[in-house]
Visitor: 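Sharing a structure below in structure tokens format, with a few things to ask.
Protein chains get the first letters and strands the later ones, always in sequence-line order, with residue 1 at the start of each. These figures come from a predicted structure and were not determined experimentally.
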There are 2 protein chains.
Amino acid sequence: MNVAFLLSQLGVHAAAQFAERIAELDLTPPQTGLIRLVASEPGLSQQAVAARLGMPASRLVALVDGLDERGVVERRRNPQDRRLHALHLTKAGEELLGRIAVVGRAHEQALTEGLDAADHATLQRLLTVLAEKQGLTPGVHPGYRRI
Amino acid sequence: MNVAFLLSQLGVHAAAQFAERIAELDLTPPQTGLIRLVASEPGLSQQAVAARLGMPASRLVALVDGLDERGVVERRRNPQDRRLHALHLTKAGEELLGRIAVVGRAHEQALTEGLDAADHATLQRLLTVLAEKQGLTPGVHPGYRRI
DNA sequence: TATTGTTATACTCTATAACTATA
DNA sequence: TATAGTTATAGAGTATAACAATA
């Protein structure tokens, strides 16, 4: 089979497996992407977050609502411009992020268990080259656009 | 970035790019999967095809309807058991399959253009190992289940 | 009664666009 | 008037389950 099909097959499989794993934390992949983004760049407006995740702002609202009600994320109004809602993780959000990382490591391990260390490193290098060539933004999953 | 995330990112990207390309043939990825399967194993019943593609038979009906109306696929009733509809490609279907192959080669080329021949071969080998370990069926895309 | 294919229904998810509040 | 966030609406796509034909 060619590389393109293998990549697509494995990638969609990996995404589905990850979705199953984080479902145990009661999270969906877009929610996880939001949490990770807010963790790495706290204080972004909802418009900015929506743009980075590649989704309409209207869709982000429901995403933030759910995590806000669960006490994972919070909206902080900007006093200088009260239209803006800066997004931040709460303490519980930081803790959840830690659990997401644990799940992520287990996922990585399960997916690559057939490879020795050298092959693992080679694969990582080659995939990184492809991702750069394809113009993919590190850490931003194209599937957040529609899942 | 870890291998799992890179794979997922690249895989979903590759699937989206492929979907765009075959849209020029007025096809969706599930339709393409159906055409390929019928080409490689002509005469399967709709139930058998649905099982292999991992979708409910009720969903396959609409898929076959569309390709049937376009003269790409045809249902042949089995005289021994008139409940069964064996699926076959028409002449036009064979021709379309050829155009799909052309698109597939262009897609492969565009996706791997950053790699030299040795790296390309290495990547193909490593991905094949992973796909086998993960129990993925050659030629069957897990995304056909829901796109 | 069981199985194949089909149709109907009800549900989920989403983007678009209207709306509000602030500037 | 323009922008951030929100809500409403309408559409696409789907699985589930009921149904008809055949065994």
Visitor: In chain order, what residues pass the salt bridge (Lys or Arg N to Asp or Glu O under 4.0 Å) check against B:Arg75, with sequence neighbours excluded?
Guide: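 B:Asp65, B:Asp68.
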
Visitor: If you take any heavy atom closer than 4.0 Å to DNA chain D, which residues from residues 42-54 of chain A end up in contact?
Guide: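 Result for residues 42-54 of chain A: A:Ser45, A:Gln46, A:Gln47, sorted by number.
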
Visitor: Choose from D:dT7, C:dT6, D:dG5 the nucleotide whose nearest atom is closest to any side-chain atom of A:Asp65.
Guide: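 Side chain of A:Asp65 sits closest to D:dT7.
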
Visitor: Please report, rounded to the nearest Å, how far the P atom of C:dC13 is from the CG atom of A:Leu60.
Guide: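 So the two atoms are 16 Å apart, to the nearest Å.
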
Visitor: Which pair of heavy atoms, one from B:Ala110 and one from A:Gln134, lies closest together, and at what distance?
Guide: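 In terms of heavy atoms, the two residues are closest at O-NE2, 3.3 Å.
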
Visitor: ring-ring contact (aromatic ring centres under 6.0 Å, His included): which pairs involve residues 98-117 of chain B, sequence neighbours left out?
Guide: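 As it turns out, the ring-ring contact (aromatic ring centres under 6.0 Å, His included) pairs with a partner in residues 98-117 of chain B, which skip direct neighbours, are B:Phe18-B:His107.
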
Visitor: Just to verify, what does B:His85 make a side chain to side chain donor-acceptor pair (under 3.5 Å) with, not counting sequence neighbours?
Guide: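 Here no residue qualifies.
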
Visitor: Against B:Leu123, only a single residue in A:Thr122, A:Leu6, A:Leu126 fulfils side chain to side chain contact (heavy atoms under 4.5 Å, CB included); can you say which?
Guide: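 For B:Leu123, the side chain to side chain contact (heavy atoms under 4.5 Å, CB included) test succeeds with only one of A:Thr122, A:Leu6, A:Leu126, which is A:Leu126.
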
Visitor: Any pair with a residue in residues 16-27 of chain B that passes side-chain hydrogen bond (donor to acceptor under 3.5 Å, both in side chains), sequence neighbours left out, goes on the list, sorted by first then second residue, please.
Guide: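 For residues 16-27 of chain B: none.
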
Visitor: Detail all sub-3.5 Å separations between protein N/O atoms and N/O atoms belonging to nucleotides 19-22 of chain C.
Guide:
{"residue": "C:dT22", "atom": "OP1", "partner": "A:Arg77", "partner atom": "NH2", "Å": "3.4"}

Visitor: Using heavy-atom distances to pick each residue's nearest nucleotide on DNA chain C, tell me which of A:Asn78 and A:Met55 is more 5'.
Guide: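 By nearest-heavy-atom nucleotide position, the 5'-most residue is A:Met55.
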
Visitor: Between protein and nucleic acid, restricted to nucleotides 16-20 of chain D and to nitrogen or oxygen atoms under 3.5 Å apart, what atom pairs and distances do you find?
Guide:
{"residue": "D:dT16", "atom": "O4", "partner": "B:Ser58", "partner atom": "OG", "Å": "3.1"}

Visitor: Using the test salt bridge (Lys or Arg N to Asp or Glu O under 4.0 Å), find all partners of B:Arg77 that sit at least two apart in sequence or belong to another chain.
Guide: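 Salt bridge (Lys or Arg N to Asp or Glu O under 4.0 Å) list for B:Arg77, sorted by chain: empty.
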
Visitor: May I have all residue pairs that pass side-chain hydrogen bond (donor to acceptor under 3.5 Å, both in side chains) and include part of residues 109-120 of chain A, sequence neighbours excluded?
Guide: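 Checked against side-chain hydrogen bond (donor to acceptor under 3.5 Å, both in side chains) - neighbours excluded - the pairs reaching residues 109-120 of chain A are A:Glu108-A:His120.
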
Visitor: Tell me every residue that passes salt bridge (Lys or Arg N to Asp or Glu O under 4.0 Å) with A:Arg105, counting only those two or more places apart in sequence or in another chain.
Guide: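 Partners of A:Arg105 by the salt bridge (Lys or Arg N to Asp or Glu O under 4.0 Å) criterion come out as none, since no residue qualifies.
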
Visitor: If I take atom CG in residue A:Leu63 and atom P in nucleotide D:dG5, what distance separates them, rounded to the nearest angstrom?
Guide: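 Interatomic distance, CG of A:Leu63 to P of D:dG5: 14 Å.
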
Visitor: With DNA chain C as reference, determine whether B:Arg75 or A:Gln80 sits nearer its 5' end, using the nearest nucleotide of each.
Guide: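 Closer to the 5' end of DNA chain C: B:Arg75.
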
Visitor: Please name all residues satisfying salt bridge (Lys or Arg N to Asp or Glu O under 4.0 Å) with A:Glu74, sequence neighbours left out, ordered by chain then number.
Guide: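 Salt bridge (Lys or Arg N to Asp or Glu O under 4.0 Å) check on A:Glu74 returns A:Arg76.
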
Visitor: To the nearest Å, how far apart are B:Tyr144 OH and D:dG13 C1'?
Guide: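 Checked: the OH to C1' distance equals 18 Å.
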
Visitor: Quick one: which residue pairs count as a salt bridge (charged side-chain N to carboxylate O under 4.0 Å, His left out) with a foot in residues 87-97 of chain B, not counting sequence neighbours?
Guide: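 Residue pairs passing salt bridge (charged side-chain N to carboxylate O under 4.0 Å, His left out), neighbours aside: B:Glu95-B:Arg99.
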
